[in-house]
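Keep in mind that this is a model prediction, so the values were computed, not measured. Chain A is the first sequence line, chain B the second, and so forth, proteins listed ahead of strands; every chain is numbered from 1.
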2 protein chains.
Amino acid sequence: MKILVAEDDSNLGLLLTTFLTAKGYEVKLTTSGTDALESYRNSPTDFQFILLDVMMPQKDGFAVAKEIRLIDKKTPILFLTAKSMEADRLKGFELGADDYLTKPFLMEELLARIHAILRRTNPVEPSAEISLGEFDYNISLGTLKRTHQTQKLTTKENALLSLLVKNQNEVVDRQGALRAIWGDDSYFNGRSMDVYIAKLRKILGEDPSIKIINVHGIGFKLMIK
Amino acid sequence: MKILVAEDDSNLGLLLTTFLTAKGYEVKLTTSGTDALESYRNSPTDFQFILLDVMMPQKDGFAVAKEIRLIDKKTPILFLTAKSMEADRLKGFELGADDYLTKPFLMEELLARIHAILRRTNPVEPSAEISLGEFDYNISLGTLKRTHQTQKLTTKENALLSLLVKNQNEVVDRQGALRAIWGDDSYFNGRSMDVYIAKLRKILGEDPSIKIINVHGIGFKLMIK
DNA sequence: GATGTTGTTAACGTTTGGTTAACGTAATTT
DNA sequence: AAATTACGTTAACCAAACGTTAACAACATC
């Protein structure tokens, strides 16, 4: 999932890139409307989402959107702007924008709005799938896909795997995981989690590059070579 | 194109109704979350857009959205609220909202946002007949036609099937369906719904490409190959 | 009143997923 | 080295969830 970002404020551009990359998106950052349009034109089918700052020198976000919409009516466009003028907002929507977010905004809200737009844009694949070794893991559906097979995970399996995946290459604290998934960290819940770790090891064992490592006395770590 | 509006401020409710009606929409105005949910449940296939005020007595907009999303993952939901708290905004999106607009807002912006969302969601107007595998299903008449046969469905059969068809390929929450069709999710209503699921499986079994799948502990999903 | 229709509930069963037991190995502490 | 704690693995157990068929109750129609 690749996002084209046009933002002339380098701090915000960097922040956006870092944040969205951490959330699993590939980001192409451009710092002017001209560059954005050029990037788009170089590979128009590459981008699944476009984030446009309105106030940019030379070619502003509106001009870019107008140009893009001439040849692409589908790729979602979300405008970012410091200006809160109502006429501008309406203009953005008229140009075919999907949303319009006023600075300053919470990064989490931006992400929520991106998700909402993608949810209705790609109803067939409502949730992003995470690449996990040879598997494609869908947290929402609780499915693990590989070649021609799809394995459905149980609720507990999915909860535990999603926690490990979200903290890939980092140790997930044993007691914390127990409290988060089982509600408290009693002895038997701990044994239950060990059972589920074994289940996940068995399922993921089809791909030898995936390992769930125990860090003694601390917790578990999901690693992929 | 019918919009369900829930707004307890009668001035704003009237304004919304007048404005949207003038823009060509049919509006069902409700003044409480409870009434909104009841209106929705009475004819779930009627509405193509839902406008929910967040702050309403008894059942707030969030609670309404939560209940609706159990049995309808697609119909667009836009929240209106006087509160601009960020946590609330994120909560709205997590519940499956498509947009979130803070009062006071320009009516024209509301309309633009509705259009932007509808542009993406291809709203399904209730039609005379829906193609369902080898069957032609008429929700209004409660009939299933196939080759030279027409089967008449009972009220409960029709309510359940229309809910499954509306959410084809999506899981319909068991408890949500029970509350929507039977009024509450007690044990015996659950057993009754299981009986009706069996009835529908028997009726639809004439076409082997149609399956009603149980997702354990969650609900049912209608799938067609 | 007899009959038909629809919805509810009973009865018996299967499936599912989570918990716990049991036996063991690995790591740390004494 | 021995004892203790932490974790690995497999399977038994159990209750909840659900599938199916039929009996029963309530209501409508003739």
Side-chain angles (χ1 to χ4, degrees), chain A residues 141-144 150-164 171-206 210-223, chain B residues 70 141-144 150-164 171-206 208 210-223:
Chain A
L141 297 179
T143 55
L144 270 178
T150 298
Q151 166 122 11
K152 184 123 177 65
L153 301 173
T154 68
T155 304
K156 283 277 170 46
E157 288 168 345
N158 195 31
L160 188 54
L161 183 58
S162 73
L163 188 54
L164 291 170
V171 183
V172 175
D173 182 72
R174 185 182 176 84
Q175 313 311 130
L178 281 170
R179 287 193 292 268
I181 300 177
W182 270 267
D184 78 75
D185 55 6
S186 63
Y187 169 80
F188 281 120
N189 284 343
R191 309 306 288 124
S192 189
M193 183 163 73
D194 292 333
V195 170
Y196 277 94
I197 289 285
K199 284 181 196 287
L200 291 181
R201 280 172 171 150
K202 183 166 184 184
I203 292 165
L204 298 168
E206 294 180 20
I210 308 180
K211 299 288 184 207
I212 299 180
I213 305 292
N214 169 249
V215 180
H216 198 89
I218 299 177
F220 297 100
K221 174 166 39 172
L222 176 72
M223 302 196 70
Chain B
L70 289 177
L141 297 179
T143 55
L144 269 179
T150 299
Q151 165 122 12
K152 179 113 178 73
L153 300 173
T154 67
T155 305
K156 284 280 171 44
E157 286 168 345
N158 194 31
L160 188 54
L161 183 58
S162 69
L163 189 54
L164 291 170
V171 183
V172 174
D173 183 77
R174 186 183 177 85
Q175 313 310 129
L178 281 169
R179 287 195 289 269
I181 300 177
W182 271 268
D184 77 75
D185 56 5
S186 62
Y187 170 81
F188 281 118
N189 284 343
R191 308 308 287 126
S192 188
M193 183 164 71
D194 292 334
V195 170
Y196 277 93
I197 289 284
K199 285 181 197 288
L200 291 181
R201 280 174 171 147
K202 183 165 184 184
I203 292 166
L204 298 169
E206 294 179 19
I210 308 181
K211 299 288 184 209
I212 299 180
I213 305 291
N214 167 250
V215 180
H216 195 89
I218 298 176
F220 295 100
K221 172 165 43 170
L222 176 73
M223 302 194 73

Could you tell me if the side chain of [Y] sits less than 4.5 Å from the side chain of [X], heavy atoms only?
X	Y	answer
A:Leu204	A:Leu161	yes
B:Leu200	B:Leu164	yes
B:Leu70	B:Gln175	no

Over how many whole Å does the gap from [X] atom [atom1] to [N] atom [atom2] extend?
X	N	atom1	atom2	answer
A:Lys202	D:dA11	NZ	C1'	11 Å
B:Tyr196	D:dA22	OH	P	16 Å
B:Ile213	C:dT15	CD1	C1'	14 Å
A:Lys211	D:dG8	NZ	C1'	15 Å
A:Phe220	D:dA6	CZ	P	13 Å
B:Lys199	D:dT21	NZ	C1'	10 Å
A:Leu200	D:dT9	CG	P	12 Å
B:Asn214	D:dA16	CG	P	17 Å

What nucleotide, of [options], holds the atom closest to the side chain of [X]?
X	options	result
B:His216	D:dC18, D:dT10, D:dG8	D:dC18
B:Ile197	C:dA21, D:dA22, D:dG19	D:dG19
A:Ala198	D:dT20, D:dT10, D:dC7	D:dT10

Shortest non-hydrogen separation from [X] to [Y] and the atoms involved:
X	Y	answer
B:Glu157	B:Lys152	OE1-O, 4.4 Å
B:Asp184	B:Asn189	O-ND2, 3.1 Å
A:Ala177	A:Leu163	CB-CD2, 3.8 Å

Query raised in the report: Do any side-chain nitrogens or oxygens of B:Thr154 fall under 4.0 Å of OP1 or OP2 in C:dG7?
Result: yes
Query - OP1 or OP2 of C:dT8 under 4.0 Å from side-chain N/O of B:Lys156 - result: yes
Query raised in the report: Is B:Asp194 salt-bridged to B:Arg174, cutoff N-O under 4.0 Å?
Result: yes
Query raised in the report: Can you list, by residue number, the residues of residues 172-194 of chain B that have a non-hydrogen atom closer than 4.0 angstrom to DNA chain D?
Result: B:Arg174, B:Arg191, B:Asp194
Query raised in the report: Starting at the 5' end of DNA chain C and moving along, which residue's nearest nucleotide shows up first, B:Leu153 or B:Val195?
Result: B:Leu153
